[in-house]
Colleague: 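Right, I'll just put the structure down here and ask away after.
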Amino acid sequence: MPPARALPSDLEEILENASFGLAVTDADGLEVYANRQAGLHRLSGDEATVREMRFATQTGDRSFNVSLWLDAEALPDLDEEIFRLAFFDELTGLPNKTLLGRMVGAELQTHADRQAALFLIDLDGLGRTNDYYGAAFTNLLIAAFSERMSSCVRSCDVLGYLANGMFCIFVTDLEDLDISDYANQLLARAKEPFLIQGIETFSSASIGISLFAEDGADFEALLVSADQALRAAKSESKGRIGYKPTASALRGTTDMSIEQRLRTALRDQKLCCVYQPKVSLRDNTVVGVETLLRWRDDDGKLQALGDFVNLATDAGIIDAVSEHVAHEVMDSLPRIDTVFAPSISISLNITAHQASSPVFTRNLLDLLTSYHRPERFILEITEEAFLNGELLSKNTLPMLREAGVKLSIDDFGVGYSSLSALAAVTADELKIDRSFVQNVHRRPRSQSVLKTIESLGHALDMKLVIEGVETLEEVEYLKQNTAIDVAQGYYFSKPFALEEFVDTGDLLPSGRTRDQARTHAPARTPGNRSPR
């Protein structure tokens with residue numbers, strides 16, 4: 001028998017001074033551990049005041065017997081029934097998640113060099129069974145399935161029950177085991193008919209498998225990986241085995257993680273605004289700023305959020321995010337005027353869905369019009385809003401006009417371009433997508449398209465702004481060959497927080513030297529803009 005591991009000194013001291021007696025023996029009756037109270041209780045043999053509890057446990061392929069002596073008067077309600085309810089499932093009699101987690105954790109810690117796997121087994125079609133036969137019948141099916149799994153699981157493995165027809169097997173000693181064959185044997189047994197209350201019932205199961213330590217170094221991590229593998233397997237068909245998380249399964253988990261972080265950041269006021277100047281190509285003055293959204297991490301650094309619009313929309317918090325941005329802008333107006341100028345415009349991004357929502361638009365406008373100069377504000381929407389152009393023109397635009405707030409069409413030319421919709425929407429500004437300015441001095445086709453968009457914008461009396469300007473050659477081409485007045489991009493300034501601004505006497509806020517052009521495209525999906 002391998003020698004028992006020495007207890008950490010602090011744990012040993014706690015157990016030695018505990019008010020209860022504790023003794024552990026192995027399957028051969030050899031004592032592994034006993035504290036001081038255990039010796040005293042053995043000597044006294046006073047059954048009137050001391051209650052002795054005995055139970056067996058298993059760690060990997062090793063079995064242990066545990067004896068616990070408690071003061072019967074001090075703890076009258078603590079007995080075997082309480083222990084059973086705390087650590088075993090009442091329906092199946094199997095270890096529950098709490099006990100399973102402790103057993104797996106102990107095994108992984110004791111035998112960290114061994115291979116192990118976690119099988120997550122889901123009884124298929126349980127919802128339909130419950131709807132058709134009822135909860136009592138379903139519980140009997142789960143209990144019968146538990147007995148069947150218990151009969152075909154190896155003695156060295158640990159079978160537990162989580163909930164809702166979900167079982168878990170911790171598989172050890174993989175040296176001479178073919179995992180695929182083992183899992184297929186379990187699935188074959190699951191397909192055999194059950195006789196429940198005189199009714200022959202057929203079922204099946206699906207299995208997700210995670211490997212220690214490739215897919216997780218502890219019980220919870222292994223459980224998450226097995227769940228991802230199970231979901232991936234069941235997305236194809238039931239009665240299958242999944243071995244590793246697929247990209248789609250991982251994406252779902254990542255999205256959920258981001259959603260929770262986004263909710264937490266919103267609650268803890270860790271979302272903040274940065275501003276990117278819009279610059280006149282004629283005299284290099286800042287004529288406006290676009291408000292973008294950033295995430296302040298624990299170190300105080302600002303991180304780009306990426307394309308989180310769909311996720312925030314699905315989570316139902318996109319309106320709260322937009323309102324957060326609007327409130328921060330309003331609170332920052334004095335500082336914005338100091339850093340830039342009281343005359344500049346301030347742009348806010350909203351989604352296509354928000355632009356078509358009269359309730360959202362009214363709430364936002366009420367906030368913006370509380371300022372004595374609402375004409376400074378511009379709401380930027382993408383061409384996707386044209387898909388609901390009638391609602392936009394009949395509901396949203398009249399409210400904007402009444403409030404004095406302007407409208408800008410963002411990322412024009414890469415989304416749902418529609419000349420008829422563009423003619424129906426009386427916008428004040430047209431922002432040309434950066435794809436038309438990249439290396440425009442060397443791309444004749446881009447030059448022709450840019451000229452066409454320029455003519456269209458001027459014909460509809462819209463101010464033209466071109467995004468993503470990053471090199472001196474692009475700036476010089478725009479100045480010499482177009483009538484576009486305003487540009488925005490890393491050539492002039494990166495987006496920055498107001499507290500980052502240092503007044504150096506330069507015309508533009510501190511950003512980046514003009515020869516440091518960005519060489520990669522921004523991670524943005526046209527048509528899916530939020531309060532960035």
Side-chain angles (χ1 to χ4, degrees), residues 58 81 84-101 103-104 117-171 177-210 219 222-246 248-249 252:
Q58 185 169 341
E81 179 67 12
R84 185 183 65 80
L85 292 175
F87 293 106
F88 291 87
D89 175 67
E90 188 173 4
L91 176 62
T92 63
L94 296 175
N96 62 15
K97 183 180 178 181
T98 301
L99 182 56
L100 190 65
M103 296 172 70
V104 172
L118 196 72
F119 286 16
L120 192 59
I121 307 176
D122 186 27
L123 192 56
D124 297 328
L126 210 57
R128 292 197 308 273
T129 302
N130 188 76
D131 292 340
Y132 189 79
Y133 292 107
F137 185 95
T138 303
N139 286 340
L140 290 175
L141 176 61
I142 293 174
F145 185 82
S146 170
E147 292 181 5
R148 185 173 293 179
M149 288 296 100
S150 298
S151 67
C152 54
V153 169
R154 301 181 308 167
S155 60
C156 61
D157 299 332
V158 181
L159 173 64
Y161 182 68
L162 303 182
N164 303 319
M166 193 80 72
F167 294 79
C168 188
I169 304 176
F170 182 58
V171 183
L177 179 70
D178 188 311
I179 292 181
S180 297
D181 288 345
Y182 191 21
N184 279 311
Q185 290 174 18
L186 298 176
L187 293 186
R189 290 299 310 276
K191 293 178 181 178
E192 296 175 4
F194 293 89
L195 189 62
I196 309 295
Q197 293 182 331
I199 301 173
E200 188 178 40
T201 303
F202 292 87
S203 186
S204 65
S206 302
I207 300 180
I209 300 175
S210 59
F219 174 67
L222 288 170
L223 196 60
V224 169
S225 295
D227 182 63
Q228 293 170 352
L230 176 64
R231 290 175 183 272
K234 296 192 72 167
S235 67
E236 298 182 17
S237 67
K238 295 177 181 178
R240 294 177 59 89
I241 301 171
Y243 291 94
K244 286 187 178 181
T246 62
S248 59

Colleague: So, taking the atom named CG in Asn96 and the one named CG in Leu91, what distance separates them when rounded to the nearest 0.5 Å?
Modeller: 12.5 Å
Colleague: Looking only at non-hydrogen atoms, find the nearest pair between Gly101 and Phe219 and report the distance.
Modeller: CA-CD2, 3.5 Å
Colleague: Do Tyr133 and Leu141 touch side chain to side chain, with heavy atoms closer than 4.5 Å?
Modeller: no
Colleague: Just checking Glu192: does its CD atom have more than 12 heavy atoms from other residues, nucleotides or ligands closer to it than 6.0 angstrom?
Modeller: yes
Colleague: Can you name the one residue among Val158, Asp157, Leu118 that meets side chain to side chain contact (heavy atoms under 4.5 Å, CB included) with Val171?
Modeller: Asp157
Colleague: So, taking the atom named CG in Asp89 and the one named NZ in Lys97, what distance separates them when rounded to the nearest 0.5 Å?
Modeller: 14.0 Å
Colleague: What's the shortest heavy-atom distance between Leu126 and Gly165, and which atoms?
Modeller: CD2-CA, 3.6 Å
Colleague: Please round to the nearest 0.5 Å and tell me the distance separating atom CG of Asp122 and atom CG of Asn164.
Modeller: 9.0 Å
Colleague: Less than 4.5 Å apart, any side-chain heavy atom of Thr129 and any of Leu123?
Modeller: no
Colleague: If you compare all heavy atoms of Arg148 against all heavy atoms of Pro193, which two are closest, and at what distance to 0.1 Å?
Modeller: NH2-O, 3.0 Å
Colleague: For the atom pair CG (Leu159) and CZ (Phe170), what is the distance rounded to the nearest 0.5 Å?
Modeller: 13.5 Å
Colleague: Taking all atoms of both residues into account, what is the closest heavy-atom pair of Leu187 and Gly239, and its distance?
Modeller: CD1-O, 3.7 Å
Colleague: Do side-chain atoms of Ser146 reach the backbone of Ile142 as a donor and acceptor pair under 3.5 angstrom?
Modeller: no
Colleague: Decide whether Ser206 and Asp124 meet the rule of one side-chain donor and one side-chain acceptor closer than 3.5 Å.
Modeller: yes
Colleague: Can you name the nearest heavy-atom pair linking Ala233 to Arg240, along with the distance?
Modeller: O-CD, 3.6 Å
Colleague: Do Tyr161 and Leu100 touch side chain to side chain, with heavy atoms closer than 4.5 Å?
Modeller: no
Colleague: Could you check if a side-chain atom of Leu140 sits within less than 4.5 angstrom of a side-chain atom of Phe194, using non-hydrogen atoms only?
Modeller: no
Colleague: Look up atom CG in Leu94 and atom CD1 in Ile169, then write down how far apart they are to the nearest 0.5 Å.
Modeller: 10.0 Å
Colleague: What is the distance from atom CD1 of Ile199 to atom CZ of Phe137, rounded to the nearest 0.5 Å?
Modeller: 4.5 Å
Colleague: How close do Ser180 and Ile241 get, heavy atom to heavy atom, and via which atoms?
Modeller: O-CD1, 4.4 Å
